[in-house]
Structure formats: structure tokens, C-alpha cells
Peer 1: 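Take a look at the following structure, please.
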Amino acid sequence: MYGNDNWINSYLDAILDAGKGAAGAGAGAGAARGRGGGGGGWFGDRPSLLLRERGHFSPARYFVEEVITGYDETDLYKTWLRANAMRSPQEKNTRLENMTWRIWNLARKKKEFEKEEASRLSKRRLETEKQRNDATADMSEDLFEGVKGEDAGDPSVAYGDSTTGNTPKISSFDKLYIVLISLHGLIRGENMELGRDSDTGGQVKYVVELAKALSSSPGVYRVDLLTRQILAPNFDRGYSEPDEMLASTSFKNLKFERGENSGAHIIRIPFGPKDKHLAKENIWPFIQEFVDGALGHVVRMSKTIGEEIGSGCPVWPAVIHGHYASAGVAATLLSGALNVPMVFTGHFLGKDKLEGLLKQGRQTREQINMTYKIMRRIEAEELSLDASEIVIASTRQEIEEQWNLYDGFEVMLARKLRALVKRGANCFGRYMPRMVIIPPGVEFGHIIHDFDLYGDEDSPSPASEDPSIWFEIMRFFTNPRKPMILAIARPYAEKNITTLVKAFGECHPLRELANLTLIMGNREAISKMNKVSAAVLTSVLTLIDEYDLYGQVAYPKHHKHSEVPDIYRLAARTKGAFVNVAYFEQFGVTLIEAAMHGLPVIATKNGAPVEIHQVLDNGLLVDPHDQHSIADALYKMLSEKQFWSRCRENGLKNIHQFSWPEYCKNYLSRILTLGPRHPAFGNKEDQKARVNSRRHIIVIAVDSVSKEDLIQIIRNSIEATRTGTLSGSTGFVLSTSLTIAEIRSLIKYTGMLPTDFDAFICNCGSDIYYPSRSSDVPNNSLVTFALDNNYRSHIEYRWGGEGLRKYLVKWASSVVERRGRTEKQVIFEDSEHSSTYCLAFRVVNPNHLPPLKELQKLMRIQSLRCHALYNHGATRLSVIPIHASRSQALRYLSIRWGMELPDAIVIVGESGDSDYEELFGGLHKTIILKGGFNTPANRIHTVRRYPLQDVVALDSSNIIEIEGFSSVDIRSAMQQLGIPTQ
């Protein structure tokens, strides 16, 4: 091996030899890498340095040219293997030197990332604190009297959760219909394939068991778990079944007869590519398609249940509960369309994941976003905070350290708002969801508690043949009589399995005392696993070989979900222990399962295990980064028999607090406290008869075009349906950001009649009007516009009203254009174009508009729940309720009119208002008009938060682009979409 001096000198020589192109960069690898463009680009116009020069390999040159300018750290392990395989010491040293340079560069890059991220977080904290202080200052001090004192120390006040007072008893309600949503992973009722992929893990088990437990609770009639239908090859046919009924759990106290449609069901909704199984990062563009399909199912099922038990009136869901960020978006849209309460469980939050990945220093924020769609996920979680009545967390830590990172939630402001609500005071339109701590439950089933595997005096006689999985595990061991240390975790870096193996391998007393069993999911071959899992598993096997742990460590390739209880039993029977040393554990259901089977636990001190330990008191907490403390804790647990017995007894005694019946009791008691929200789809008989004659509905939603072009598009769209099968059977809806007064003027200008349309969706989707001829005027010549107040009742949820308007006026006065020492206000209140549920502001200079995401962030920090949109070519800002939008208005009309969404055709332009992307997704058809008309300058989409393809499936068969907008063009597009026009 070269000495340090030689390494430094060879490195400097390489820098000098690189020429002037490297000057100034030798001291900073990051700067050097920043200039790199692949090959020898970092060295200017010089040809690439050869790896061998005059017959000798130059590792320093190789480092400068290849390593600094770009490398893949996943190859480090391969380099290590090749180095060890080298017979020549010189070649081995060369490879090891190269590897060392690469590790050094990785460490340097990590420090750079950490420094940049720390600076960014510090700046963000200061900005957020200032904005939250402003929010507090906006509410007068006298309203905060009494917030301190007893309320300040009450966690229920801090999180908005309280079960005291007038909470109804469980027995006081019945016949509830509950909808759960979980979109990713492989979900089925039996033989769950946990660990088959990164999306099929604890959450899948959680939602299935929750559905079964709720359906078995008193007062609950039906529970639907909505997920994706999977028709892809190589997957069990069960995942394609539209309806799978789940077996109920054993705790029953039913007060009414069960009908044909009662119980728990997995309902699989088709959305996305039919022949592909989608990872959770790739589901985003298809969520609106899911929502449309789910909406149809829920409406049909509500009517069906109503016929069974509701005297013919629909039984709407008591709550729609989204699990994980993607399902949170779906639940937001579905609950808004139906006007029923929403509940949300985040499971593993995006901001927490982002912070963890940035701390690792291996990827930039942009790379993380590209891989995980992390910004879309975080925005989905913020949206879920906006729309939820209740957010269920597993632990206090999740609320105070994870949710507190989000713009839409802050513990102290939540405490103040909750205190104001309790006193009936005005919150000025501000709102935060109730944070409720309900730990996940576990299925107790038929648990067998037995002791020593080889028949000590306290062990019972075996009642049946040992489970086959026991032999699969014990065949690894030289001495299977030893206590078993059990770890169940998928092979991910954050699960910290390698540190556990090191702790075991380096502690010889522990190795002599116990065996180690690693249940790391299911696998066919390491080569077929994803890169992350394969790398972790390879590292584990390498450590087993390095410490020569053969005969002491078991790592079976396969196990069934139904065999997991038997694995716990085996560990308990050998008087072993369960271990979870993840760097951070969101909850850790395995810790509860282990305690349920009489296993003491050694758990990470980071995350939920701290709170679990406070309840169960059945083990020890350790620093997951300290392998010596892990080994010491394991040795103490297994060597001190009295301590082991006490931990076992404590766990079994206290485990009932984590049962599903306890979870359901807490869950249902919270649902009963939700405010009344009921679907309202009133319908006049004359309009119903008119719309029922429609085979198709064309929605004209073209934005940011000139008035003349919009008029021509409307005329051509109507003309395209005047002949053939569409004649007389096609209805029209104009969907726009215009006010109803502007629409009247527009229709009058065209020479058309308002009654040529079935409805007008105006004010960015915050109002719906229906035109009709007045019977009080001769010849019915007067046309009236009827406002849909039922729709308004759907969207008024958490609307800030006057408090929101006052804050926006104050904010608008702060948006200025600076020219030298002068400042000119850019945004002004526009009362003329405002309505009850649409606050409009005039923009005099769109070039100085703040990005929409900054305004949305500001509103959330202020606890003002709303949607902000730029429209009219960014010359107008509209702020509307959280559940209002043009796409949601279309869903409302589909239910009101009994219309199938696949029979709707939405016509949009090549660009549009800032809600443009929402008009694409779903089951309806979309025609995009490209070119052929004048589009005003539009800055709206230059500030989009993520690429359009991340949220819209532009390659969908339901979307077609056409050049021009003549009636012939539009008719041709309809034919291509499968709509008969002849």
C-alpha cells in the first residue's frame, strides 16, 4: 500500500498535469465535478487521460478524471470484491486506493449536502416562525385569555383532540358505512405477500386488519377498503377480483341483522395501465381516474345499503379515511365530491423521509424528487391536512416532530385555535384538523404461549406437529437449543440490519449464548431484487461470512404471512428476544406482535418504540448507531432469566392496550364527534328530464384565449354535434373562471341562447348556474339563471369568508414592484368579480406575481384553508374554498344528473389557468386544442410545482390533441375517442 505522502503527491501531480483546465479546482472536488461533462471534459479541450501511461496505471489520474467528475457508489462493493481477488499486491493496492478516493469523495459530498441543507432549513424556520407570529398577531389578544393555564398543559387541547364532554357512546349509533382508501401495494385478505416488494409491508397489513376490525365493531354495517385492481401478469388472479369479502374478526357485539352487502370488503378499482403493476411513486398521474371510479362505486353502494337498511334513502359514508399521501389526495377529492368527513393517516411522512435522505448526503434534493416524487407527496400531505377533520397519528412524537414540519400544522397555533373553538370565539376563518393518537392494533387470534423447545419442567406437552417454518429456520443452526434473537424487517438500509449483525458477530459471549434469525422478506434470487434491497442483503451475507457466523445465523428465503406467528412462537419458546434497531421507527407493529407472543424486545430509542415501551415496559431501548449497546442489551436480556421473565410478563399484561377492539372504540368515538356534513344533490324534475335525454355532455373549459377565439370554439363545438347521432342528444356545459355576469355578456355577444347550455360552472368552479326559460313571460322569452345552493353547501367547508378576505387584502398590499426607491402595488382587491365563495384580485403586472406555491404556503401557515388560482392569463387571482374546483363541479353534476363520467368530453386549450392539470385526469374524455388561436402572455405554468407528466397521464387513451378548433376538427377528435358521430 502506498504511503500517505505518495498518495498526496500523486494526487497533486495529476492536478498539475491536467493543465489550466484544472487550475483553481484542485482544492475543491465539488467545483471540479461541477465543470465536468463526462469523459475528459473537465480538462477543457485536452484528450482524456489514459488509465495506463507508459505501461503504468495512474490511480490518481483516474481519480481526478473519472471519480471526481462522476461515479456510482453502488459499485464500491464490486470494487472491494475485485481488489480482494487480485493476486498481484500492486494491482490490489491500486484498486483499494481507487476505492478509498471514491469513499473520500462520497464523504466530502455528504458534508456539502449537509451544509447546504442546514442553511436552507435555518432560513425556512425563520420565515415560518415570522409568518406564524403574524398569524397569531392577527387574532386579537383578548381572545387568547384563558388559553394558558389548564388548557396549555392539556394535550387534547394542543392537538385538537378531546373525548370528554358530549361524546356519544358506541351503543348509541348503528348502521355506519365506512370507506378506507389505500392505493399501493398488493392487498388481499389472506396470505398477504408482505415483503414481496417495497410497497407491500406494514401498511397493507394495517389497513386489511383495520377493515376487518371495524366491520366487526358494534354499529358498523359495512366497511369498504378501496385499492387498485391489478391485472398485470405474474400476479395472483385474486388481485384482479373487483370485490373480495373479508372474514370478520372474533370480537362481535352486533345489534342488527346483517344484510347481503354488510361486512368488510376489498373493492378493487381499475385505474392506470391495465397490464402494469404500479409502484407508489408512479400512481400520481392516475389518482383522478381512481376517484371517478371510486365515486361511482360509493354512490351505488350507498343507494344499495339504503335499500337494505335505510328505508330507501341512501346511507352515505360516515367517513372517508385515506392512508398514505396518494390516498390522502383521493380521499380529499372523494369526500369533497360527496360532502362527507375525511380522516387521514400518513403512515410514513414525506418530509421526514426527505430530511432523512438529505442527511445521508448521497442525493441532492432534485435527485430525491426525481426518484421518489417527494415534492408531489409532500404537497399531497399538505392537501390532506387542509381537508381532514381528523388526522390519526400513532404517537405523540409523530405529531410534535413530524407533522410539525408541515406548513399546515403547528402545535402552538393548534392549541390556541382549539381553545378559541371551545369558547365559541371567532377564529377568523382559521382551522386546523384534530390530531388524534390511536396506536395500531394487532390481531390476537388463537395465540399459543409455550416455553422451552426441549421440554423443560415448565413446558407443556406438544399438542400438535411443529410448524414447518420451524424446521426451515432451525436447519441453519448448529445448536438450535440456544435462545433465538429474532429480527423481522425488509432489507432496507434504514432498518439497520447490518449493525445488528455486526453487534452479534463482534460480541463472542453473545454468540456463545444465542442464535440470530433474520426474516428479511421473501426472495427468489438476490440478482432479481431491486438494487437497494440487494445491496443490503449482500452486505448482510458478507458480514456473516466475515465473522464466520455459519451455524449461528438463520436467513430463510421464504415464509408465508400466516407463518409469522409461528416464528414469534419459536423465538419465545427458546426464551429468546425480538430486536428492532431501525435508525427511526414510525411505529413498529412487530414490537406489539412480539409482546403479544410473550417475547421481550430490544428496540431503537428513535421514534415510536419509546412510547410503546412506556406502555408495555417489556424490554430495553438502545441507540441504533451503537452496536456495543445493542450487544450489551441483548446479552443482558438473554442471560438474566429473572429480567427476561419480568419483561415477558409485563408485555403480556399490558398488550390489551394495543388491541383492535381498543383501536376501534377510540376511532368510532372520534367519528361521532364530527360535525354534520351531508350530501345534497337536489334536482328539479324539468331539468332532470332534459339532462336524462343526453347521451353525452361536452364541457368547454378553454382558458387564456381571446374573447373572439373562445366564442368561435363554443360555436364550433355546438356545430360539431348538430348532425348524426350526436344531434339532439348532446348537452353543453361552459366551465370557466368568468363570473355569471361575464358569461351572460359573452353569450349575448355570440348571438346564442343561454338555454343552449345545460349548466354554467363559473368563478373557477365555486358556483354552478342552470339556465331556464321563465314561464311568467309570454313566449318564455326571458331566461333566468338558477344558482345551485346545494353545490354551495358542498364547498363551504372551512371557508374563511371575511377573515380570509381581510388577510388577503393585507397580503396584496405587500406585493409590490420596485423601481429604484419607488414601490408600486401589483395586486388589488376586485370586488366586481368576487362572489360569496370566490375572492377575486386584479393583477396589474403579471411579471411580478409571486409563485402560486408561495401564496399557498402562506395561507397554510396562517391556517387558512383555501385554493388560490391565477387565471385570465395571470391578470386575475381567485381564491376559492378547498373543495371547490371545476373538476369537482363536474363530479357533482355527474351525481346530480345521474350521468356516467366516461360520457363527458372536456375541451381544453394548450395551456390554461392554474387548475388546468385537474381538467385532464379522470374517466372523462379530453380534447386538447393546439394552435390556431391567439393566446395572451401566460406566466401561470412557469411556476408549476412539478412537471405536468407527474400528475397527468398525457399518454392516456382518453386524451387526444388536435391542431385547430374547427367543427370538423372537433368531430374528428370525438370519433378518435370512440364517440359515434354518424
Side-chain angles (χ1 to χ4, degrees), residues 291 295 299 314 316-317 320 332-342 386-387 389 427-431 674-688 691 699 701 733-744 754 757-772 784-805 808 830-840 859 864-869 871 878-899 913 915 918:
V291 171
L295 184 62
V299 170
W316 298 104
I320 295 175
T332 297
L333 296 175
L334 196 57
S335 68
L338 293 170
N339 195 31
V340 298
M342 172 185 165
D386 290 338
E389 298 260 12
C427 292
F428 299 91
R430 290 172 168 82
Y431 164 77
L674 298 179
R677 291 175 62 191
H678 305 291
F681 301 100
N683 201 350
K684 293 182 178 179
E685 290 302 318
D686 57 342
Q687 190 189 26
K688 182 177 180 180
V691 175
V699 181
V733 174
L734 181 61
S735 181
T736 175
S737 59
L738 299 173
T739 66
I740 192 63
E742 290 174 308
I743 289 175
R744 287 188 181 196
F757 294 85
D758 292 314
F760 297 102
I761 299 172
C762 55
N763 294 323
C764 300
S766 62
D767 278 318
I768 300 177
Y769 285 86
Y770 307 102
S772 63
T784 61
F785 292 80
L787 174 65
D788 191 332
N789 286 306
N790 288 311
Y791 178 67
R792 281 193 165 187
S793 72
H794 275 225
I795 67 171
E796 66 182 359
Y797 173 75
R798 304 303 179 193
W799 176 237
E802 183 62 15
L804 173 62
R805 188 195 70 80
L808 287 170
D830 186 355
S831 301
E832 179 185 354
H833 296 105
S834 295
S835 65
T836 305
Y837 293 102
C838 180
L839 302 176
M859 294 296 100
L864 295 166
R865 311 297 173 175
C866 55
H867 272 157
L869 306 98
N871 46 66
S878 299
V879 179
I880 59 177
I882 192 67
H883 284 311
S885 72
R886 290 188 286 172
S887 59
Q888 286 290 79
L890 178 58
R891 291 189 176 100
Y892 171 87
L893 289 175
S894 73
I895 302 174
R896 177 185 170 102
W897 291 344
M899 173 186 71
D913 298 345
D915 64 346
E918 298 175 14

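Since the structure is predicted, the reported quantities are computational estimates derived from the model, not experimental observations. We count residues from 1, following the sequence as given.
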Peer 1: If I compare all heavy atoms of Met342 with all of Ser335, which pair ends up nearest, and what's the gap?
Peer 2: CB-OG, 3.6 Å
Peer 1: Do NZ/NE/NH1/NH2 and the carboxylate oxygens of Arg798 and Asp386 come within less than 4.0 Å?
Peer 2: no
Peer 1: Is there a side chain to side chain contact (heavy atoms under 4.5 Å, CB included) between Trp316 and Leu338 once you walk through the steps?
Peer 2: CA-CA 8 Å; Trp316 298 104; Leu338 293 170; 3.8 Å; yes
Peer 1: I need the minimum non-hydrogen distance between Asp830 and Ser834, along with the two atoms involved.
Peer 2: O-OG, 2.8 Å
Peer 1: From Ile320 CD1 over to Glu389 CD, what is the distance, rounded to the nearest 0.5 angstrom?
Peer 2: 12.0 Å
Peer 1: If we count only N and O atoms by modelled type, under 3.5 Å, do the side chains of Asn339 and Tyr797 hold a donor and an acceptor together?
Peer 2: no
Peer 1: Side chains of His833 and Glu742: any donor to acceptor distance under 3.5 Å?
Peer 2: yes
Peer 1: Could you check whether any side-chain N or O of Tyr791 sits under 3.5 Å from a backbone N or O of Gly765, counting only pairs where one atom can act as donor and the other as acceptor?
Peer 2: yes
Peer 1: Check Ile880 against Trp799 and note the closest heavy-atom contact, atom names and distance.
Peer 2: C-CZ3, 3.3 Å
Peer 1: Just by modelled atom types, is the Tyr431 backbone N or O under 3.5 Å from a matching donor or acceptor in the Arg865 side chain?
Peer 2: yes
Peer 1: Given side chains that start at C-beta, do those of Leu804 and Cys866 come closer than 4.5 Å, heavy atoms only?
Peer 2: yes
Peer 1: How long is the gap from CD1 on Ile761 to OG on Ser887, to the nearest 0.5 Å?
Peer 2: 9.0 Å
Peer 1: If I take atom CZ from residue Arg792 and atom CD1 from residue Ile768, how far apart are they, to the nearest 0.5 angstrom?
Peer 2: 11.0 Å
Peer 1: State, to 0.1 Å, how close His794 and Ala680 come at their nearest heavy-atom pair, and which atoms those are.
Peer 2: NE2-N, 2.9 Å
Peer 1: Could you tell me which non-hydrogen atom of Gln888 sits nearest to which non-hydrogen atom of Ala337, and how far apart they are?
Peer 2: NE2-N, 3.4 Å
Peer 1: Can you tell me how far the CG atom of Leu893 sits from the CZ atom of Phe681, to the nearest 0.5 Å?
Peer 2: 10.0 Å
Peer 1: Taking only residues two or more places apart in sequence or in another chain, which ones pass side chain to side chain contact (heavy atoms under 4.5 Å, CB included) with Thr736?
Peer 2: Leu734, Leu738, Ile743
Peer 1: How long is the span from the NE2 atom in His883 to the CG atom in Leu333, to the nearest 0.5 Å?
Peer 2: 9.0 Å
Peer 1: Go through Asp915 and Arg886 one step at a time and tell me if the side chain to side chain contact (heavy atoms under 4.5 Å, CB included) criterion holds.
Peer 2: CA-CA 8 Å; Asp915 64 346; Arg886 290 188 286 172; 2.8 Å; yes
Peer 1: Using modelled atom types and a 3.5 Å cut-off, is there a donor and acceptor pairing between side-chain atoms of Ser735 and backbone atoms of Val699?
Peer 2: no
Peer 1: Verify side chain to side chain donor-acceptor pair (under 3.5 Å) between Tyr892 and Asn790, making sure each step is shown before the conclusion.
Peer 2: CA-CA 10 Å; Tyr892 171 87; Asn790 288 311; 4.6 Å; no
Peer 1: Take Asp767 and Tyr837, measure what side chain to side chain donor-acceptor pair (under 3.5 Å) needs, and give me the verdict at the end.
Peer 2: CA-CA 8 Å; Asp767 278 318; Tyr837 293 102; over 6 Å; no
Peer 1: Calculate, to the nearest 0.5 Å, the distance between atoms CD1 and OG belonging to Ile795 and Ser885 respectively.
Peer 2: 9.5 Å
Peer 1: With side chains defined as the heavy atoms from C-beta onward, is the minimum distance between Val340 and Pro679 less than 4.5 Å?
Peer 2: yes
Peer 1: Going by the rule ring pair (Phe, Tyr, Trp, His ring centres under 6.0 Å), which residues pair with Phe760 if we only count those two or more places apart in sequence or in a different chain?
Peer 2: Phe757, Phe785
Peer 1: Is the closest side-chain donor-acceptor distance between Ser878 and Asn871 under 3.5 Å?
Peer 2: yes
Peer 1: Minimum heavy-atom separation for Arg430 to Leu864, with atom names?
Peer 2: CG-CD2, 3.8 Å
